[in-house]
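A note on names: the letters A, B, ... follow the listed sequences, proteins ahead of strands, and every chain is numbered from 1. These numbers were taken from a predicted model, which means no experiment stands behind them.
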Amino acid sequence: MKTSIPKAYDPKKVEDAIYEQWESSDLFKPDSSATGKPFTISMPPPNTTGILHIGHAMFVTLQDIMTRYARMNGRKALWLPGTDHAAIATESRVDKDLIDETGKSKHDLGREDFLKKVHAYIKDSQGTIKNQIRKMGASCDWSRERYTLDEGLTRCVQEVFIKMYNDGLIYRGNRIVNWDPKMQTTVSDDEIEYVEKKTPFYTFKYGPFEIATARPETKFGDKYVVMHPDDKRYAKYKHGEQFEADWINGKITATVVKDESVDPEFGTGVMTITPWHDTADFDIAQRHKLDREQIIDLNGKLLDIAEEFKNMEIGEARPLIVEKLKHKGLLIKTDNEYINKVATSYRGGGIIEPQIMEQWFVNVDKPARTWKGKKRSLKEISIDAVKSKDIDIIPSRFKKTYFHWMENLHDWCISRQLYFGHRIPAWFNKNDKTDIKVGIQSPGKEYEQDQDTLDTWFSSAMWTFSTLLDEPKKDDTIDSWIKRNKILGTDLATFHPTNVLETAYEILFFWVARMILMTTYVVGEIPFKTVYLHGLVRDKQGRKMSKTLDNGIDPLEMTQKYGADATRLSLVIGTTPGNDTRMYEEKIAGYRNFVNKIWNIARFIIIYRGGTRKFDEKTLADKWIESRLQNLIKEVTNHYEQFEYSIAGEKIYEFLWHELADWYVEISKQQDHTLAPQILLEAIKLLHPFTPFITEEIFQMLKKEKLVDSKDEWLMTSTWPKAQAKIIKPKIENDFSALQELITEIRDLRATYHLSYSQKLNAVVTTKKYKKLFQDQELVVEALTKVKIQVLPSKPVKREEFIRAHTSHFDVFIKLSAKKFKQQSQRLSIEKEQLEQYIEVLEKKLANKEFIQNAPPDIVELEKKKLQDAQNKLRKL
RNA sequence: GGGCGCUUAGCUCAGCUGGUUAGAGCGCUACAUUUACACUGUAGAAGUCGGGGGUUCGACUCCCUCAGCGCCCACCA
């Protein structure tokens, strides 16, 4: 045997070269000649800080599958890539590196110099992640790549800010925010992690009351005691009543406040409040218009009010304060087993200290835009977009989560005290703090720009449309800019709303919800039609992959070792949307074997390159495999449409390996079965979105060997297979006696040739005898289905025996299970009987006049429907 | 405190709106091998679908309940 085709497929030799050819041939750009509807996916922009991890590999694979499928179906498919500046993540990363290297922090460097460092860092890492996405085979249009901080997007962010400000949706408010003393910035609610920690829990005497706290250091200024209005124990104290109490630094005049948020069951049912440093207390203070006072400064140190403890760190002061109170005889007890949830910054790791600060907020409750004929708030529009099914979420259970979150949405704090990010386009009058102007240009010398930058998610929220806008004109507002794009028919007009947003369920709130909120408001249309949420990739034990555990699987190492195709398959097959999945090397190795199997089918076909038989002389095996293929095309296409990629992949896998390789290719060793190249071609088209590299490579090989006749230059841009309409109609009607004969024959054959090894019956049917009846294998299938015998592609019998016995008239295998057949017919008759009984009962019931007259009409209807259903089912049997 | 999810073969997981025999991959057992492929083939063993109750002619599937595990949200001082 002479061939240069190696026995094992080597992805390393193939993948990069193919990717380069695709890219240089501009195949990733939406084809302007495509006649189908546009199809768009905005790639969730990975952080610029990152290297590709398995989670990225997951989304790259899924989105690539969607895009390639759409492209092969003739749609103008655009997958728009980009990166995100990830303000807080990047800034803390660069700052940390800086401190490690030079001992200086970003504040030592100052804004300008620090930003230079950041940009240098970004430039470096941006390239890395992009190349890694390429390695996975992503067919995204790099010519349209965007970055959240590039000029156009920055302008878009600024214009949207201005529009929202002018609409009164952005306001400057004095509210309690999560302050990170370590990073010196506010942190969004979503970026906080509550870490459980054992903290001593003290009970102190406070006037006539006992109050409990885990944070005595915040209590200096406490001058309100709050209790539930219905708490009988404290009924004698009236709301607003005042009393004197000895406290940390001497006498204090305290006021009684009654508020329903207090849980009488917890502790003593009485508490004092610290509105400046506690969100709950802040709310109570808001409700009753109470005084509030700052106790702790922005560096986490105590202020003047603490007197002797002034300038102390919290941790340092706490035991001393407790000691002082103990001396005064005010400490009643200490609970050392108390578990407190400490708010910690998800990014920086520092402990969050709530503070009241002036910040920019987005008002989510103010009527903002006309939506479906009514002026509604951002919150209402966002809820409606999903309720009305304009946007669908897969899996649907996340809709509930989405509504729950949206309904409880508070105003969104969007300012951050960071250097890196979009600088807020607001200007403060140096002489008059109440004079604030909003705009891109400075309104005059006496103004200076807000030092703060915007929350990363504020810009990410615009991702679907900001990336599609053209260059802005000098005096564009966001409205004029969008309008012009729509009129000119630019990318925004063509590709927005996008079709699918594919992302991890983790960021449903961070991102998905905010995109819906922002896009509906700014553009007046939904950002995407379908949200497809994938789960987390965990390790084999189900743990999260993390650096500290060192249990991560590096997708690049895997592509190096097993190929991108195998890695992709392992990420999609066996996973379901919204559920976490476990990843381990053996799994990838398994799919590498499958990829190699396909390679060897092709190798076989090329080496033994077909026979002399013409295509119109199809054997039953040919017809069989063809009909199986038709079936596959139908099923798989359907699964693709339903976003059921795991099932689609499994079915193609099953077909290629167990039907085409194990069965059709096996028996074609005995006879020419020249259809193999065509069948293989169609099957690899179906598989192409999953495993783009091997399928393209095989296509090119088959073409080169002239084994397939295709006008397409690339498999990637070839047309999706269409299932043929059924041509052959079975003509046999009631010839069950012939069928019986056939079954007897099958059993005889089994006995004669010892064809089975256990209860299963492997049978070989010759068509000679039944030629007239079963001219076509389809008819055999049809006939056997009528008596409920399942017809499957058979596992061949031992080769020697089967060759000796049947070489001349072997045509098709039919595998029957004797046991199953028996069980089935039994079950069938039982089922029939049951149904008949049931129908009888229902009929009697419906014939009963008393029942008809007395029962509620809907019940009668229901019974009627039940009867109909049962009758239908019986007919089917 | 509210909400959501998971529990199916030794392991990792499919199983959609209730209806043929509960499936796959890996692993395991036996056999095969001048073979397109050992990254192989054939055959096989292995599951009271977490427990209990209910609805139904019929439940892995729907409802209730209990148990274990996990996640998200929330202002328990």
- prompt: Expressed as a whole number of Å, how far does the C1' atom of rA59(B) sit from that of rC16(B)?
  reply: 16 Å

- line: Lys223(A) meets the side chain to side chain donor-acceptor pair (under 3.5 Å) criterion, sequence neighbours left out, with Asp291(A)

query: Sequence neighbours excluded, which residues qualify as side chain to side chain donor-acceptor pair (under 3.5 Å) partners of Thr334(A)?
result: none

- prompt: So what does Ile601(A) hit on the nucleic acid, given a heavy-atom distance under 4.0 Å: a base, only sugar-phosphate, or nothing?
  reply: base

task: For rA77(B), take OP1 and OP2 only and decide whether either is under 4.0 Å from a side-chain N or O of Arg215(A).
output: no

Selected nucleotide, minimal atom distance to His658(A) side chain, candidates rC37(B), rG25(B), rC39(B): rG25(B)

field: side-chain N/O Trp405(A) vs rA74(B) OP1/OP2, d < 4.0 Å
entry: no

task: With RNA chain B as reference, determine whether Arg538(A) or Tyr591(A) sits nearer its 5' end, using the nearest nucleotide of each.
output: Tyr591(A)

field: Donor-acceptor side-chain pairing of Thr530(A) and Asp392(A) below 3.5 angstrom
entry: no

- prompt: The side chain of Arg582(A) lies closest to which of these nucleotides: rA36(B), rC75(B), rU12(B)?
  reply: rU12(B)

message: Could you check whether any side-chain N or O of His534(A) sits under 3.5 Å from a backbone N or O of Met58(A), counting only pairs where one atom can act as donor and the other as acceptor?
response: no

task: Quick one: stems involving RNA chain B, counted as three or more successive Watson-Crick or G-U pairs, both distances short of 3.5 Å.
output: B:1-7 with B:67-73, B:10-13 with B:23-26, B:28-32 with B:40-44, B:50-54 with B:62-66

P spacing across the pair rC49(B) / rG41(B), given as an integer number of angstrom: 32 Å

Options rG25(B), rG41(B), rA77(B), nucleotide nearest the side-chain atoms of Lys597(A): rG41(B)

- prompt: Considering residues at least two apart in sequence or located in another chain, which fulfil the side chain to side chain donor-acceptor pair (under 3.5 Å) criterion with Trp247(A)?
  reply: none

- prompt: For the side chain of Tyr653(A), counting heavy atoms from C-beta on, which of rU12(B), rA77(B), rG25(B) is nearest?
  reply: rG25(B)

Considering only distance and modelled atom types, tabulate donor-acceptor pairs under 3.5 Å from the side chains of residues 645-655 of chain A, sequence neighbours left out.
unit_1	atom_1	unit_2	atom_2	d
Ser646(A)	OG	Gly574(A)	N	2.9
Lys651(A)	NZ	His639(A)	NE2	3.2

- prompt: Heavy atoms under 4.0 Å, any strand shown: does Arg397(A) hit a base, just sugar-phosphate, or nothing?
  reply: sugar-phosphate

message: From the set rA36(B), rC4(B), rU42(B), return the single nucleotide nearest to any side-chain atom of Asp662(A).
response: rU42(B)

statement: Taken to the nearest whole Å, OH/Tyr505(A) to C1'/rC6(B) is 11 Å

message: Which residues in residues 636-649 of chain A have a heavy atom closer than 4.0 Å to any atom of RNA chain B?
response: none

message: Could you walk me through whether Trp657(A) and Asp662(A) satisfy the side chain to side chain contact (heavy atoms under 4.5 Å, CB included) test, starting with their C-alpha distance in whole Å, then the side-chain angles of each, then the deciding distance to 0.1 Å, before giving a yes or no?
response: CA-CA 6 Å; Trp657(A) 198 323; Asp662(A) 290 348; 3.6 Å; yes

message: Distance check, P atoms only: rG51(B) and rG27(B), in whole angstrom units.
response: 29 Å

field: side chain to side chain donor-acceptor pair (under 3.5 Å) against Lys561(A), all qualifying residues, sequence neighbours excluded
entry: Glu585(A)

- prompt: Quick one: does Gln355(A)'s side chain get under 4.5 Å of His277(A)'s, heavy atoms only?
  reply: yes

- request: Measure from NE2 on His404(A) to P on rC4(B) and round the result to the nearest Å.
  value: 9 Å

field: Distance, C1' atom - from rG19(B) to rU65(B), rounded to whole angstrom
entry: 27 Å

- prompt: Please give, in whole Å, the distance from rC76(B) C1' to Ile284(A) CD1?
  reply: 10 Å

task: Using a 4.0 Å heavy-atom cut-off across all strands, classify Ala661(A) as base, sugar-phosphate, or nothing.
output: base

task: Report the residues that fulfil side chain to side chain contact (heavy atoms under 4.5 Å, CB included) with Gln642(A), sequence neighbours left out, ordered by chain and then residue number.
output: Asn638(A), Glu644(A)

Within residues 560-580 of chain A, residues whose heavy atoms come under 4.0 Å of RNA chain B: Gly574(A), Thr576(A), Asn579(A)

- request: Go through rC39(B), rA77(B), rA36(B) for me and flag the one nearest to the Phe604(A) side chain.
  value: rA36(B)

message: Checking contacts here: which listed nucleotide (rU12(B), rA36(B), rA77(B)) is nearest the side-chain heavy atoms of Lys219(A)?
response: rA77(B)

Side-chain donor-acceptor pairs under 3.5 Å in residues 590-599 of chain A, sequence neighbours left out?
unit_1	atom_1	unit_2	atom_2	d
Asn596(A)	OD1	Tyr9(A)	N	2.9
Trp599(A)	NE1	Pro6(A)	O	2.9

message: Restricting to ring-ring contact (aromatic ring centres under 6.0 Å, His included), what partner residues turn up for Tyr562(A), sequence neighbours left out?
response: none

message: Please enumerate all residues that pass salt bridge (Lys or Arg N to Asp or Glu O under 4.0 Å) together with Asp231(A), with sequence neighbours excluded.
response: Arg233(A)

- prompt: Base, sugar-phosphate alone, or nothing: which one does Val226(A) contact when heavy atoms must sit under 4.0 Å apart?
  reply: nothing

